[in-house]
Structures are given as C-alpha cells and as structure tokens.
Novice: 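One structure, pasted below without further comment.
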Amino acid sequence: MPELPEVETVRKGLEKLVLKATIESVEVYWDRIISGPIETAEFKRILMGEKIMEFDRRGKYIIIRFNQWALVSHLRMEGKYEVEESAAPLKKHTHVVFHLADGRDLRYLDVRKFGRMTLVPIGEEFTATGIRLLGPEPMVETFDKAIFYRTLQTKKRAIKPLLLDQKIVAGLGNIYVDEALFLAKIHPLRTANSLQKIEVSKLHEAIIKVLGDAVEAGGTTIRTYQNALGEAGSFQVNLSVYGKKGLPCVRCGTPIEKIKVAQRGTHFCPMCQRLSVD
DNA sequence: AAACTGACCTGTCGGC
DNA sequence: TGCCGACAGGTCAGTT
C-alpha cells in the first residue's frame, strides 16, 4: 500500500490511537517479519512492558520509539496496522500482535509478508537499519535542488527507476513517480543526464508538491481495504496518470499510455511527456 | 561503481 | 468453469 504519504497517514493514525500505550506481550506468527540481529524470542522479551513514547517517520519507514528501544517498521507492498479489542478474532494474514495493557491489540497484517520490523537500541535507528541509506526527505527545507541536479547529471539510467531509488530522494514509489513526472512533463524513459536544468527544477518542485499534496489528503487508496490505519480515507488525492490507462489526459485529452519501465507499470501522457523533440 | 535480474509472498484478474 | 500467466503501492542480494 504505501509510499511516503500513506506511511505518514499510518503514523498519524497510530499516534492518535496508541501513543503512550504499554505493551504487555507480543505474538509473532511469521518469523521473517522480524529482521535484524535481534531475533523473535528476544524481540518478544524486550518489548514486554515497554511504553510507546513516540511515532516518527523517515522516508517510508515508521519508527516506534520506546524508552530504550526503537522499532523500525517498513510496510513494503501491503503491510498494515490495525487496532482491535484483544477479544476480536484474528484476521487472515495477521503476523504480529502487540497485546496492550488496556485490553486492545496493535496488530500487523501483511498479505504478501514482504514487510519487516527491526528492533534496535534507541539512537541506532538511523544507522542500524536501511534508513541510513536514504536520501533527503522530499521537503523544501531538506531536498536541495542543486545537489539533485548534480546527482542526475552523473546518472545514465532512465529517470523513472532513478526516482524509485530511495538514495536519491526518500519516499517516492510507483504511483507518485508517475504523477511527479507527469506534472513536470518529463517522459519516464528520459535518461537522467539528458535533463536540462529547467526540467530538473520543475521535477524537483513536482516531487515536493505531489508528495506534499498527498500527505495533506491522507494518501491514496488504490485497492480498498477496510479498517486499516491510515485509510480513514474520506479524502483522497486526485491522481492524474496512475491507473488512468486509456483515459483522456487532464491537460490535453490525449489517452494516457501504460508501458513497462524497469519491470514496473508506468503511466504517462504521450503528448505532454515527449521522449524527444520532433 | 552502476545497473540489471531474480527472490521474497499471496491474491486477483483477464484471456482462452 | 478451470487453468495459467501477468500483475500488484517495495526492497535486497547477487551478478555482470
């Protein structure tokens, strides 16, 4: 489900529902969800009695801080959290259950089992996990346009797979890359080093706008799940190209095309986003 | 070093 | 109806 805006929405939801809650015990039903040097038995033992002090986020990672420990959680494709009464029956695909002292559970569900959570001593959450490899957060204050331009100049790859690389800028995924490239009028197959300064500038602004607007709207839901945190979903972002194959471009009316780029479904307007000037 | 390729998983959808 | 391949919002290890 999640790119940065969806993860941020989940973070807010968790904060609202279970901040300051105390974990009484933990059940793990699929071992590989728990990753890193601390394995499952130790994971369960450590978290017993811990109080949730803070929900943070970096890129697509959620960071749950306790007093001495931090739990770094990545939802990958379909991970989600739910809060339920402990008595409620477990749904299919429930892999980790945190029993809270107040009679509720915080539950982690993940159909494809791609998600991971890693427990680290507090202070090591930015260094002992994949977070250490992340590029800047996509905000005006943190995402430097000149550095972005210089980085792109050194890369020969197509721009789309490059933007999916979290080392360049953190938080974009398949939906918002397509949306940002559309907004900046750049074809997904353009090589990074072929982009003019003005184009990189537009792309930089588009990335910040697309993700910022989506955070404000509470994320996007493509497939519909019910009950999951972060999918309160009264408002949704308006997507321009993602999932719009064959529909008229909102700018020029030309049918949106879908191609495959770096193994990923890729949507664009063939009129607004030209590969070459002809 | 940069850049592809499969692997990790389960469910759904479209075509024959 | 049933089967079978393609596809799904993401990384990561292994290879050229």
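Chain identifiers are assigned alphabetically (A, B, ...) following the order of the sequence lines, protein sequences preceding nucleic acid strands; residue numbering begins at 1 within each chain. Keep in mind that the numbers below use all heavy atoms, side chains included, and drop hydrogens, waters and symmetry copies.
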Novice: Does dG11(B) have its OP1 or OP2 closer than 4.0 Å to a side-chain nitrogen or oxygen of H93(A)?
Specialist: yes

Novice: Between P on dG11(B) and CD on E78(A), what's the gap in Å once rounded to a whole number?
Specialist: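 Value for this atom pair: 10 Å.
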
Novice: Which nucleotide in the set dC9(B), dG11(B), dC12(C) lies at the smallest distance from any side-chain heavy atom of Y61(A)?
Specialist: dC12(C)

Novice: Have S201(A) and Y149(A) got a donor and an acceptor in their side chains that come within less than 3.5 Å?
Specialist: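 Result is no, nothing qualifies.
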
Novice: Ring centres under 6.0 Å, that's the criterion: do Y29(A) and H95(A) meet it?
Specialist: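 Between H95(A) and Y29(A), which both carry aromatic rings, the centre distance is not below 6.0 Å.
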
Novice: Can you tell me if K60(A) uses its side chain to pair, donor with acceptor, with the backbone of L172(A) under 3.5 Å?
Specialist: yes

Novice: Say we look at dG9(C) and dA3(B): how far apart would their C1' atoms be, to the nearest angstrom?
Specialist: 23 Å

Novice: When you compare dA13(C) with dC9(B), how far apart are their P atoms, in angstrom units rounded to a whole number?
Specialist: 14 Å

Novice: Using a 3.5 Å distance criterion without hydrogens, assess whether the side chain of T142(A) forms a donor-acceptor pair with backbone atoms of E137(A).
Specialist: yes

Novice: Using the side chain to side chain contact (heavy atoms under 4.5 Å, CB included) rule, pick out the option among V120(A), I122(A), I131(A), T129(A) that qualifies with I63(A).
Specialist: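 Only one of V120(A), I122(A), I131(A), T129(A) forms a side chain to side chain contact (heavy atoms under 4.5 Å, CB included) with I63(A), namely I131(A).
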
Novice: Quick one: K245(A) NZ to dG14(B) P, roughly how many Å, whole number?
Specialist: 11 Å

Novice: Apply the salt bridge (Lys or Arg N to Asp or Glu O under 4.0 Å) test between E125(A) and each candidate in R58(A), R57(A), R65(A), R132(A); give the one that qualifies.
Specialist: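 Per the salt bridge (Lys or Arg N to Asp or Glu O under 4.0 Å) rule, the option paired with E125(A) is R65(A), out of R58(A), R57(A), R65(A), R132(A).
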
Novice: Please report the distance, rounded to the nearest Å, between CG in L75(A) and C1' in dC9(B).
Specialist: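 Rounded to whole Å, this separation is 16 Å.
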
Novice: Between S35(A) and T118(A), is any side-chain donor less than 3.5 angstrom from a side-chain acceptor?
Specialist: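 There is such a pair (donor and acceptor under 3.5 Å, judged by atom type) between the side chains of S35(A) and T118(A).
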
Novice: In whole Å, I'd like the distance from the NE2 atom of H95(A) to the P atom of dT10(B).
Specialist: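 Value for this atom pair: 8 Å.
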
Novice: Would you confirm whether the ring centroid of F148(A) sits within less than 6.0 angstrom of the ring centroid of F143(A)?
Specialist: yes

Novice: Check the phosphate of dG10(C) against R264(A), side-chain N and O only, distance under 4.0 Å to OP1 or OP2. Yes or no?
Specialist: yes

Novice: Could you go step by step and tell me if K160(A) and D178(A) meet the salt bridge (charged side-chain N to carboxylate O under 4.0 Å, His left out) rule?
Specialist: CA-CA 8 Å; K160(A) 163 133 185 185; D178(A) 285 2; 2.7 Å; yes

Novice: With respect to the phosphate group of dC12(C), does any side-chain polar atom (N or O) of R116(A) fall under 4.0 Å of OP1 or OP2?
Specialist: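 For dC12(C), OP1/OP2 do not have a side-chain N/O of R116(A) under 4.0 Å.
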
Novice: Would you kindly give the CG-to-C1' distance between L133(A) and dT11(C), to the nearest whole Å?
Specialist: 11 Å

Novice: When you compare the protein's N or O atoms with those of nucleotides 4-7 of chain C, which come within less than 3.5 Å of each other, and at what distance?
Specialist:
from	atom 1	to	atom 2	distance (Å)
dC7(C)	OP2	K260(A)	NZ	2.9

Novice: Given dG10(C), is OP1 or OP2 found less than 4.0 Å from the side-chain N or O atoms of H74(A)?
Specialist: no

Novice: Give each protein N/O atom lying under 3.5 Å from an N/O atom of nucleotides 2-6 of chain B, with the pair distance.
Specialist:
from	atom 1	to	atom 2	distance (Å)
dA3(B)	OP1	K156(A)	N	3.1
dA3(B)	OP1	R157(A)	N	3.3

Novice: For a quick test of reading the model, state the closest non-hydrogen atom pair linking P2(A) to V7(A) and the distance between them.
Specialist: CB-CG2, 3.5 Å

Novice: Any protein N or O atoms within reach of nucleotides 14-16 of chain C? Criterion: under 3.5 Å, listing atom names and distances.
Specialist:
none

Novice: More than 12 heavy atoms of other residues, nucleotides or ligands under 6.0 Å from NZ of K202(A): yes or no?
Specialist: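 Not buried by this count: 12 neighbours or fewer within 6.0 Å.
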
Novice: Among the candidates dG11(B), dG9(C), dG10(C), find the nucleotide nearest to the side-chain atoms of K60(A).
Specialist: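 My answer, after comparing the listed nucleotides, is dG10(C).
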
Novice: Counting heavy atoms not belonging to K185(A), are there more than 12 under 6.0 Å from its NZ?
Specialist: no

Novice: Looking only at the side chains, is there a donor atom on one of Q166(A) and Y61(A) sitting less than 3.5 Å from an acceptor on the other?
Specialist: no

Novice: Go through D110(A) and L75(A) one step at a time and tell me if the side-chain contact (heavy atoms from CB on, under 4.5 Å) criterion holds.
Specialist: CA-CA 8 Å; D110(A) 191 339; L75(A) 307 173; over 6 Å; no

Novice: Specify the closest pair of heavy atoms between Y108(A) and G79(A), including all atoms of both residues, with the distance to one decimal.
Specialist: OH-CA, 3.3 Å

Novice: Answer with base, sugar-phosphate or nothing: what part of the nucleic acid does K167(A) contact at a heavy-atom distance below 4.0 Å?
Specialist: nothing

Novice: Roughly how many Å is it from CZ in R112(A) to P in dA8(C), rounded to a whole number?
Specialist: 10 Å

Novice: Applying salt bridge (charged side-chain N to carboxylate O under 4.0 Å, His left out) to E15(A) and K12(A), what does each step give before you reach the verdict?
Specialist: CA-CA 5 Å; E15(A) 190 172 74; K12(A) 285 178 188 151; over 6 Å; no

Novice: CG of L211(A) versus P of dG9(C): gap in Å, rounded?
Specialist: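 Interatomic distance, CG of L211(A) to P of dG9(C): 16 Å.
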
Novice: Please list, in numerical order, the residues of residues 28-41 of chain A that have a heavy atom closer than 4.0 Å to any atom of DNA chain B.
Specialist: W30(A), R32(A)

Novice: Please work out the stems of DNA chain C from pairs that are Watson-Crick or G-U wobble with both distances under 3.5 Å, keeping only runs of three or more consecutive pairs.
Specialist: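 Stems found: B:2-8 with C:10-16, B:10-16 with C:2-8.
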
Novice: Where the side chain of Q166(A) is defined as all heavy atoms beyond and including C-beta, which of dG9(C), dT11(C), dA8(C) is the nearest nucleotide?
Specialist: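 So the side chain of Q166(A) is nearest to dT11(C).
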
Novice: Measuring from the side chain of F114(A) (C-beta onward, heavy atoms only), which nucleotide among dT11(C), dC9(B), dG11(B) has the closest atom?
Specialist: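 Closest nucleotide to the F114(A) side chain: dC9(B).
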
Novice: In whole angstroms, how far is the P atom of dG9(C) from the NZ atom of K80(A)?
Specialist: 15 Å

Novice: Mind checking the P distance from dT11(C) to dA1(B)? Whole angstroms is fine.
Specialist: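 Here dT11(C) and dA1(B) have their P atoms 23 Å from each other.
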
Novice: Would you kindly check if the NZ (Lys) or CZ (Arg) of R104(A) is within the cone defined by 45 degrees around the ring axis of F98(A) and under 6.0 Å from the six-membered ring centre?
Specialist: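 So R104(A) doesn't make the cation-pi contact.
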
Novice: Which residues, ordered by chain and number, are linked to L247(A) in its hydrophobic cluster, where ILVMFWY side chains connect at heavy-atom gaps below 4.5 Å, directly or through other members?
Specialist: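 Besides L247(A), the hydrophobic cluster comprises nothing; the residue is isolated.
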
